[in-house]
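Scroll down for the structure; my scribbles are underneath it.
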Amino acid sequence: MIRLSKSSLSRAEKDAVLAVLDSEFLGMGPEVCRFEEELSEFFGRPAVCVANGTAALHLALQATDVGAGDEVLVQSLTYVASFQAISASGAKPVACDVQYETLTLDWRDAEQRLTPRTKAVMPVHYAGGVGCLDHIYRFANQHNLRVIEDAAHAFGTTYGGRRIGSFGDVACFSFDGIKNITCGEGGCVVTDCEAVLDIVRDARLLAVKGDSEQRRVGARSWAPTIDRQGWRYHMSDVMAAIGRTQLTRFKEFKAKRRTLLVRYLSNLAGLRSVQPLQYEPASVIPHLLSVRLMPPANRTEVRSRLEQDGIQTGVHYFPAHRLAFYRDEHARPLKCTDIVADQLLSLPLHCDLSVDDVDFICGALERALR
Ligand SMILES: *Cc1c(COP(=O)(O)O)cnc(C)c1O
């Protein structure tokens, strides 16, 4: 079976985990500190490690003072984590449409959904592409909104020559098992906003004031000061050890993902009923290989034919505005999302795939479309 996605782990990750186990300190300690330093160097500004990408988004919202009574503009076509993080903060996620070419937030549609309660916008860097990010920032500045980038797919992607996370308001990354680099479970918040950094550092560890700093030197606060709601959202040294090793392998991952993307794009160019997303292979590190299947292709049939050939596929994503918990009967329709949601198909993409695998997958797709 060719898996849709998977972690790519070497001996080095296993050795790093064993070294932490040998230390018999498994909490947030020296490995997390070093991982934060290395990530901060990677992004060129401070990164705070947390338990997962959803926690990163939730903390970023809390730290930008988004909460009950506020609204956050977010594309419907995303992993439900983006929506859950917003509703966890007490705010209301307002489902927005996407642009057809890139499946990133359509800021013109978002503009139609502004209300006096709109506090922030959460663009999702779908599949690693970022769309018109400077339009989104311009729109946010005009309307005095915070920007929390859901950059879970965009680790390593650049925009205008700069890494995602190295500029802008607040960017949140995920290191879950299938992301561009993994910790098993993990995430980080990247920003140069001191106020946000202070709150995230404390709130990730039950909001014990200064505890993150204490733990850098192996101490902790026995008589805590607590002045806000906090969470158990810190990262453990076991996870950080995996992440640190993956970061050293990132150059290899980056080259591999790009090679696979270029191969896919050239193979798929000949298939009339398959439309890849608009990518800039030179700046994007692809996280997903999503395509749109055009009529008369039948997605269910194509997926089952591929499965018979041992190829796992996926659909990213079921739009959040159709989920019972987030449905809003009075909302304007999301035209592009509703069309594209029924066309989307994700093909296998991970670092243990070869170009021969990509040729095999594309050949099988061609046969399935006949
Ligand atoms: C993976 C992901 C997240 C959440 O990250 P976790 O580490 O799984 O909590 C958020 N948004 C998107 C778009 C994701 O793909």
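For ligands, and for the atoms within them, numbers begin at 1 and follow the listed sequence. Scope of the values below: all heavy atoms of this structure, side chains included, with no hydrogens, waters or symmetry mates. Quick note: residue numbers are just sequence positions, from 1. What you are looking at is a predicted structure, and each value in this text was computed from that prediction instead of being measured.
Ring geometry, Trp107 versus Phe139: the interplanar angle falls from 30° to 60°, so the pair is classed tilted. Between Tyr137 and Phe167, the angle of the ring planes lies from 30° to 60°, which puts this pair in the tilted group.
Scanning all protein heavy atoms for the shortest distance to atom 11 (N) of ligand 1 gives Asp150 OD2, 2.7 Å. Looking only at protein heavy atoms, the nearest one to atom 6 (P) of ligand 1 is Gly53 N, 3.4 Å. With hydrogens left out, the protein atom closest to atom 14 (C) of ligand 1 is Lys179 NZ, 3.2 Å, a heavy atom. In terms of protein heavy-atom proximity, atom 8 (O) of ligand 1 is closest to Asp176 OD2, 3.1 Å. Looking only at heavy atoms of the protein, atom 9 (O) of ligand 1 is closest to Thr54 OG1, 2.6 Å.
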Under the ring pair (Phe, Tyr, Trp, His ring centres under 6.0 Å) criterion, do Phe155 and Phe43 qualify, and how do the steps go? CA-CA 10 Å; Phe155 187 88; Phe43 291 114; 5.8 Å; yes
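For the pair Tyr317 and ligand 1, a heavy-atom separation below 4.0 Å is found.
Here the shortest heavy-atom distance to atom 15 (O) of ligand 1, taken over Gln75, His153, His125, Met122, belongs to His153.
At under 3.5 Å, a nitrogen or oxygen of Ser174, whether backbone or side chain, sits near a nitrogen or oxygen of ligand 1.
By the 4.0 Å N-to-carboxylate-O rule, Asp309 lies close enough to Arg367 to be salt-bridged with it.
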